[in-house]
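Have a look at the structure below, then the notes.
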Number of protein chains: 2
Amino acid sequence: MALTIGDLSRATATKVETVRYYERIGLLPKPARTQGNYRAYGQAELGRLSFIRRARDLGFSLDQVRAMLGLSDDLACDCAGIDRIAREHLQEVERKIADLTALRRELTAVIQSCDGGTIADCRIIEALGPVAAG
Amino acid sequence: MALTIGDLSRATATKVETVRYYERIGLLPKPARTQGNYRAYGQAELGRLSFIRRARDLGFSLDQVRAMLGLSDDLACDCAGIDRIAREHLQEVERKIADLTALRRELTAVIQSCDGGTIADCRIIEALGPVAAG
DNA sequence: CTTGACCCTGTAGTTACTACAGGGACTATA
DNA sequence: TATAGTCCCTGTAGTAACTACAGGGTCAAG
């Protein structure tokens, strides 16, 4: 049972036009077509699209997404290259987790002070303040 | 000692043009000017810009950033509204932390299997797979 | 007093979508 | 079996969030 472009769209909260856009720029493979010329997808494409959308939502560029998908596509080729890419992305992932954790702490504080009726001590901007000068 | 636009740019890894863009769309306040018509910033603007850039890097839209900055700007006004916005953003932050944690696990696995010489078991796509159908 | 690094305003280009326009496919139902 | 409604198709044009010049002014150092 093949999936339509609308199925992928609903399952990943992605506009139909965006799915076609990803195909055009080569992020998604050109799918099989039905007799009526409709795109016919399988579970693999659904998984790939889900990865793309969620990685985008985490602030990675399409080029970075492409590189991460490459980790999965280029299996058993250039291990040194894969290792380097994975390590770079791991660093970025850890930085993002740290920033989000700081943001969570400050949002929680805002909510709590709202609960208490006072909101004079909002430090949300400081949560993502400038890094120490190099 | 005022900061130049170049100082802000270097401190936050932001293009000078982007700083001026944020001013144009009202995300940064119009700063004071020197005799020579140069923009003159203080620490507050540096903090604000840093917040904007890091929140953008975490995948928040400029509108979402604007709402979060509002939490800090509108102190002592509409507590119910602030609470709602903060709770919504907290939910999104927690979802992102969960996704990034899954991504970190898979990237770590890729690096480890590379260390061991085998990379046949890359599950990075599954880390951000489709959510169960509703 | 000029060279180089910085700043200014403006406009045009890029990335990553998003929204039609104009038309074909398929499903239900009168 | 006609036809209304919902999907799909290919284009092209618009939007959001930058980014890159062009053409020119400012300012510290030598």
Side-chain angles (χ1 to χ4, degrees), chain A residues 1-42 45-46 48-69 92 96 128 133, chain B residues 1-42 45-46 48-69 92 96 128 133:
Chain A
M1 268 312 303
L3 302 164
T4 67
I5 197 170
D7 294 334
L8 259 66
S9 167
R10 273 181 298 277
T12 62
T14 306
K15 299 267 150 43
V16 165
E17 288 93 339
T18 306
V19 181
R20 289 196 281 249
Y21 169 72
Y22 289 153
E23 179 184 329
R24 205 162 58 245
I25 64 172
L27 261 177
L28 286 176
K30 286 189 189 300
R33 298 291 182 124
T34 65
Q35 305 90 310
N37 199 32
Y38 286 16
R39 286 168 178 81
Y41 295 102
E45 285 95 335
L46 174 56
R48 194 176 175 92
L49 176 60
S50 172
F51 180 88
I52 294 169
R53 293 301 288 178
R54 294 172 72 180
R56 288 287 299 132
D57 177 69
L58 296 170
F60 294 98
S61 71
L62 285 186
D63 274 358
Q64 290 177 310
V65 173
R66 214 185 285 270
M68 284 196 272
L69 285 170
E92 188 158 351
K96 282 173 195 252
L128 303 179
Chain B
M1 268 309 303
L3 302 163
T4 67
I5 197 170
D7 294 334
L8 259 66
S9 166
R10 273 182 298 278
T12 62
T14 306
K15 298 267 150 43
V16 165
E17 288 92 341
T18 305
V19 180
R20 289 196 281 249
Y21 169 72
Y22 289 153
E23 180 185 330
R24 205 161 59 244
I25 65 173
L27 261 177
L28 287 176
K30 286 188 189 300
R33 298 290 182 126
T34 66
Q35 304 92 309
N37 199 31
Y38 285 16
R39 285 168 179 83
Y41 295 102
E45 284 95 336
L46 174 55
R48 194 175 175 92
L49 176 59
S50 172
F51 180 87
I52 295 168
R53 294 301 290 176
R54 293 171 72 180
R56 287 287 298 131
D57 177 69
L58 296 171
F60 293 97
S61 72
L62 285 186
D63 274 358
Q64 290 176 309
V65 173
R66 216 185 284 270
M68 284 196 272
L69 286 170
E92 187 159 350
K96 281 174 196 249
L128 302 180

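Computed over heavy atoms, backbone and side chain alike; hydrogens, waters and symmetry mates excluded. In this text, all values refer to a predicted model and were calculated from it rather than measured experimentally.
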What nucleotide, of [options], holds the atom closest to the side chain of [X]?
{"X": "A:E17", "options": "D:dT26, C:dA19, D:dC18", "value": "C:dA19"}
{"X": "B:S61", "options": "D:dA17, D:dT19, C:dC8", "value": "D:dA17"}
{"X": "A:Y38", "options": "C:dT9, C:dC7, C:dG24", "value": "C:dG24"}
{"X": "B:Y22", "options": "D:dC8, D:dC18, D:dA20", "value": "D:dC18"}

Whole-Å distance between [N] [atom2] and [X] [atom1]?
{"X": "B:N37", "N": "C:dG10", "atom1": "CG", "atom2": "P", "value": "11 Å"}
{"X": "A:Q64", "N": "C:dT15", "atom1": "CD", "atom2": "C1'", "value": "13 Å"}
{"X": "A:L27", "N": "C:dC17", "atom1": "CG", "atom2": "P", "value": "9 Å"}
{"X": "B:D63", "N": "D:dC18", "atom1": "CG", "atom2": "P", "value": "12 Å"}
{"X": "A:R33", "N": "D:dC8", "atom1": "CZ", "atom2": "P", "value": "12 Å"}
{"X": "A:R10", "N": "D:dT6", "atom1": "CZ", "atom2": "C1'", "value": "11 Å"}
{"X": "B:K30", "N": "C:dT9", "atom1": "NZ", "atom2": "P", "value": "9 Å"}
{"X": "A:L3", "N": "D:dC8", "atom1": "CG", "atom2": "P", "value": "11 Å"}

query: Quick one: are A:K96 and B:K96 in side-chain contact, heavy atoms under 4.5 Å?
result: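 A:K96 does not reach B:K96 side chain to side chain.
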
- request: Could you tell me whether A:I5 contacts a base, only the sugar-phosphate backbone, or nothing, with contacts defined as non-hydrogen atoms closer than 4.0 Å?
  value: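 Sugar-phosphate: the residue A:I5, judged by heavy atoms under 4.0 Å, touches backbone atoms but no base.
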
- prompt: Quick one: on DNA chain C, does B:T4 or B:R24 contact a more 5' nucleotide (nearest heavy atom)?
  reply: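 Going by which nucleotide is closer to the 5' end, it is B:T4.
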
- request: Kindly compute the distance separating CD (A:E45) from CG (A:D7), expressed to the nearest 0.5 Å.
  value: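 Rounded to the nearest 0.5 Å, the CD-CG separation comes to 12.5 Å.
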
- line: The answer to which of B:Q35 and B:L62 contacts DNA chain D further toward the 5' end, by nearest nucleotide, is B:L62

query: Does A:G36 or B:G36 map to a spot on DNA chain D nearer the 5' end, using the closest nucleotide for each?
result: A:G36

Would you say a side-chain N or O of [X] is under 4.0 Å from OP1 or OP2 of [N]?
{"X": "A:R53", "N": "C:dC17", "answer": "yes"}
{"X": "B:R39", "N": "C:dC7", "answer": "no"}
{"X": "B:R56", "N": "D:dA17", "answer": "no"}
{"X": "A:T18", "N": "C:dC17", "answer": "no"}

Lys NZ or Arg CZ of B:K15 over B:Y21 ring: under 6.0 Å, within 45°: no

message: Ignoring hydrogens, what is the shortest heavy-atom contact between B:A40 and B:T34? Give both atom names and the distance.
response: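 Smallest heavy-atom distance, with atoms named: CB-CG2, 4.3 Å.
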
field: Side chain B:R48, main chain B:L27, donor-acceptor under 3.5 Å
entry: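 It does hold such a pair.
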
